[in-house]
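Just below is one structure, and these are the notes that go with it.
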Amino acid sequence: MKTLSPTGAYGLLLVLPLLLAVLQSTTAHKNDINIYSLTVDSKVSSRFAHTVVTSRVVNKGSAVQEATFQMELPKKAFITNFSMIIDGVTYPGNIKEKAAAQEQYSAAVARGESAGLVRATGRKTEQFQVAVSVAPAAKVTFELVYEELLARHLGVYELLLKIQPQQLVKHLQMDIHIFEPQGISFLETESTFMTNELAEALTISQNKTKAHIRFKPTLSQQQKSPEQQETVLDGNFIVRYDVNRTVTGGSIQIENGYFVHYFAPEGLSAIPKNVVFVIDTSGSMRGRKIQQTREALIKILGDLGSRDQFNLVSFSGEATQWKKGLLPASAENVEEAKSYAAEIHAQGGTNINDAMLMAVQLLERANREELLPARSVTLIILLTDGDPTVGETNPSKIQKNVREAIDGQHSLFCLGFGFDVSYAFLEKMALENGGLARRIYEDSDSALQLEDFYQEVANPLLRLVAFEYPSNAVEAVTQDNFRLFFKGSELVVAGKLRDQSPDVLSAKVRGQLHMENVTFVMESRVAEQEAEFLSPKYIFHSFMERLWAYLTIQQLLAQTVSASDAEKKALEARALSLSLNYSFVTPLTSMVITKPEGQEQSQVAEKPVENGNRQGNTHSGHSSFQFHSVGDRTSRLTGGSSVDPVFSHRRGWKGQGPPGPLQPTRFSHPFSRITLDRVLPEVLSGATIPPPPARIQAPSVILPLPGQSVDQLCVDLKHSQGPVKLLSDPGQGVEVTGHYEREKARFSWIEVTFKHPPLQVRASLEHIVVIRNRQSSAYKWKETLYSVMPGLKITMDKAGLLLLSSPNRVTIGLLSWDGPGKGLRLLLRDTDHFSSQISGTFGQFYQDVVWGPPAAADDSKRTVTVQGHDHSATRELKLDYQEGSPGKEISCWTVVL
């Protein structure tokens, strides 16, 4: 957790172990390592997650095989235990100070053994991997335990599990127990692999304070099909939830002599902010980066509050400010800023020093001229993708210049785009100035990452927040002063109760609102709180002590980033002592794993650090806690010949080795098959070749019309351009808009907005974005998706059909259609649920529609009257896109709008 702001987004992500059989003799042994049991037990007690992963394997072959236990865990998680049971003997992992473990590691290297220390960090996870030789018919049990405090991010806690067993497992079970004394306000699940058959293996039970989620699929449910012995389990399983809150916003919870104080009050108004965006436009930002930056900046500018003030500073070799001073975020100013942002382009060097000092001077000048609203918040948001190359280039001097210029008066947030920038440089600069740093990964959703970060800091609710407790009641309290509290986040303080502490623990939280100071007062009865945590099914006992230790270590490590050398040693000493006492693998400790005689006698796992990653590879890969095997076997486990899952997924290539050359397109429609043996002689003779018949197109939309004389209507948009309101039904609480491109005869995006639950789904040609509680989640077309929340179910299949459904509601579908007339398509089902308030370009056909008889001279034409307006309808052949490509021909009454 960052020390000066609670805005970090830390979900809980684990990957079910991947067991790899490495061949030592012939390919006949490919599947000899069999996982016969795989269980995950995750207990979330008052936001603190304790996860145990147990995998049991057997070697069914006749020769010694190597089994590899591999999984991913959250960056913010600490491993607390790992063990292997082989032939009834337990081989534990021992956590030691890094220096001591390094001696053991060096000795292993000297013996020709590899301990495989990998410090690279990925987007969300770190990878743990260990390999062991397994004799014929022998069994091995792997067990890994790790812990993490879930942070509240834009109003939710998130538990994310990535399931990839890569083979059918006889006993596969996942149990998630959540206990929140404040009460669970909502809970939802989402999966990228769930099918209707698998959904039957998922059970969710919930009462006021507890939830139990169990996933236990049978072998047949795991199969892709009855004919295939391959597993369908390959993707994410996510649980999101939040807790009940009050105006006081505080909950003090006590267990076994320790307390934790969660603070996130409801009902507060946002404090006006003055924000300067500092945008890198150097040459390295050219191409996709600058395009995504423009896109995100335009969206962020549109989200500024009416009481906010802002300005833009762009920099390459020189720094340039958009306007001379801060401007109010009026509609006119925001539109002008959007136009400016749309024109920024990338070229030149990187002068971070001058750009940062210019941003500070903007705020200081506004303050001197009394142009800053009283008690408002001042923020600087820096986005850069590289190290300084022009002007002052010494990182330490830049940090010093910025620190002295800001002088504690403003908060600085640094966003590092990609891996060519020194994250350590940005992180220290941000932490020294009351903010935090975040890496933006180069990917199709980079613009969404930028927008998501801005939403975290868009609504400051309190300034200078201080927690106060009676000195005779508590000790060893974690950080209790915070510069800012943002909407959707949560401040967390933990500590010990003194031996003679009072029966009632009281607390005060002081802070500054926009126009006044405020004090929140709360108290907690010790005996009653202790009794809350006695249920063994949902609680791992003494969890609050471990929560306190975890939070203390995280904060001490964060403080070392900006501390002096002397302070850093003292902070690291305290963090090391706690890490060893509570058996946490942290950046200061390592885990030493022993193995059976005859194999490598020890291996060492270390905690990777974000600062250490300066790799050029910028895809969202995985960092590793990794244990390599000896000799040539290593290359078969972790070498470069393995398929890159990100590349194969994003390019549609799933083979082995590099992707082959592009293959010629084969048209599936019969009208497109004009054979060369017919065309070539006519070309040589100079004859005129008749054009091929016009291809049948898919309409803009197919509307089912229950209860009308025509069962369905095809509508083509020919005269529309730009945003179009397609459907609006206040009675159903839904609105659908789309952006139509007349020249290409397609929708470039379609947006569906629901009132209950408050949610927005925006589909573009590239991906789908689901926005809830100001948080954006992006999904690629044709990825399996299964999300269930109160009042709505969202599903997507491999054909790219996205369905938004709930009982007694119209089902709205979106499709990435790649047949003739390629583009986005809208589907409607259960349209009899539309209310009498329905309207819009497509919605009008569900209001006061009268069909005239077919014309006497031509029965393929008739008139349809909609709300008093006549439209010509023609019977035409169309492609029905509703079941996906290639579609089927239908005869459909068609109206052109």
Determine the interplanar angle of the F263 and F485 rings, folded into 0 to 90°, and report it as parallel if under 30°, tilted if 30 to 60°, perpendicular if over 60°. tilted
Main-chain N/O of [Y] paired to [X] side chain as donor or acceptor, under 3.5 Å:
{"X": "E530", "Y": "N256", "result": "yes"}
{"X": "S45", "Y": "F48", "result": "no"}
{"X": "E255", "Y": "S542", "result": "yes"}
{"X": "T478", "Y": "T552", "result": "no"}
{"X": "S579", "Y": "A575", "result": "yes"}
{"X": "T195", "Y": "L198", "result": "yes"}
{"X": "K216", "Y": "L172", "result": "no"}
{"X": "T90", "Y": "P92", "result": "no"}
{"X": "Q555", "Y": "Q479", "result": "yes"}
{"X": "Q221", "Y": "T218", "result": "yes"}

Show the nearest heavy-atom pair for residues [X] and [Y], with the distance to one decimal.
{"X": "A199", "Y": "M194", "answer": "N-SD, 3.6 Å"}
{"X": "S583", "Y": "R546", "answer": "O-NH2, 4.4 Å"}
{"X": "S46", "Y": "E180", "answer": "CA-OE1, 3.5 Å"}
{"X": "P165", "Y": "I35", "answer": "O-CD1, 3.9 Å"}
{"X": "H261", "Y": "G250", "answer": "NE2-CA, 4.2 Å"}
{"X": "R483", "Y": "S411", "answer": "CD-OG, 3.2 Å"}

Kindly compute the distance separating [atom1] ([X]) from [atom2] ([Y]), expressed to the nearest 0.5 Å.
{"X": "H171", "Y": "R56", "atom1": "NE2", "atom2": "CZ", "answer": "8.5 Å"}
{"X": "L484", "Y": "L462", "atom1": "CG", "atom2": "CG", "answer": "9.5 Å"}
{"X": "S776", "Y": "D452", "atom1": "OG", "atom2": "CG", "answer": "5.5 Å"}
{"X": "F584", "Y": "L576", "atom1": "CZ", "atom2": "CG", "answer": "13.5 Å"}
{"X": "L759", "Y": "E188", "atom1": "CG", "atom2": "CD", "answer": "8.5 Å"}
{"X": "Q182", "Y": "Q253", "atom1": "CD", "atom2": "CD", "answer": "5.5 Å"}

Less than 4.5 Å apart, any side-chain heavy atom of [X] and any of [Y]?
{"X": "D175", "Y": "V40", "answer": "no"}
{"X": "E266", "Y": "T246", "answer": "no"}
{"X": "V518", "Y": "R510", "answer": "no"}
{"X": "Y786", "Y": "V788", "answer": "yes"}
{"X": "F467", "Y": "L491", "answer": "yes"}
{"X": "F128", "Y": "L73", "answer": "yes"}
{"X": "W548", "Y": "L578", "answer": "yes"}
{"X": "K210", "Y": "H177", "answer": "no"}

Are there over 12 heavy-atom neighbours, none belonging to D503, within less than 6.0 Å of that residue's CG? no
Would you call K76-E148 a salt bridge at under 4.0 Å N-O?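 The answer is no: the pair does not qualify as a salt bridge.
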For I95, the option from T80, T589, I79 that meets side-chain contact (heavy atoms from CB on, under 4.5 Å):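 That would be T589.
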Checking side-chain contact (heavy atoms from CB on, under 4.5 Å) for the pair V44/L150: CA distance, chi angles, key distance, verdict? CA-CA 9 Å; V44 183; L150 303 183; 4.0 Å; yes
Ring centre gap for Y582 and Y550 strictly below 6.0 Å: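 No: the rings miss the under 6.0 Å criterion.
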Quick one: are the ring centres of Y146 and F78 less than 6.0 Å apart?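 Between Y146 and F78, the centre distance exceeds or equals 6.0 Å.
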Does the pair V57 and F69 meet the rule for a side-chain contact (heavy atoms from CB on, under 4.5 Å), with working shown? CA-CA 10 Å; V57 306; F69 175 90; over 6 Å; no
Taking the six-membered ring of [Y], is the NZ or CZ of [X] close enough (under 6.0 Å from the centre) and on axis enough (within 45°)?
{"X": "R47", "Y": "Y262", "answer": "yes"}
{"X": "R463", "Y": "F486", "answer": "no"}
{"X": "K139", "Y": "Y36", "answer": "yes"}

Quick one, E475 with R498, criterion salt bridge (Lys or Arg N to Asp or Glu O under 4.0 Å). Give me CA distance, side-chain angles, the key distance, then yes/no. CA-CA 6 Å; E475 60 182 344; R498 292 187 182 274; 3.5 Å; yes
Test log, rule side-chain contact (heavy atoms from CB on, under 4.5 Å), inputs V239 and I178: CA-CA 10 Å; V239 180; I178 300 173; 4.1 Å; yes
Given V493 and V260, is the side-chain contact (heavy atoms from CB on, under 4.5 Å) satisfied, shown in steps? CA-CA 6 Å; V493 178; V260 62; over 6 Å; no
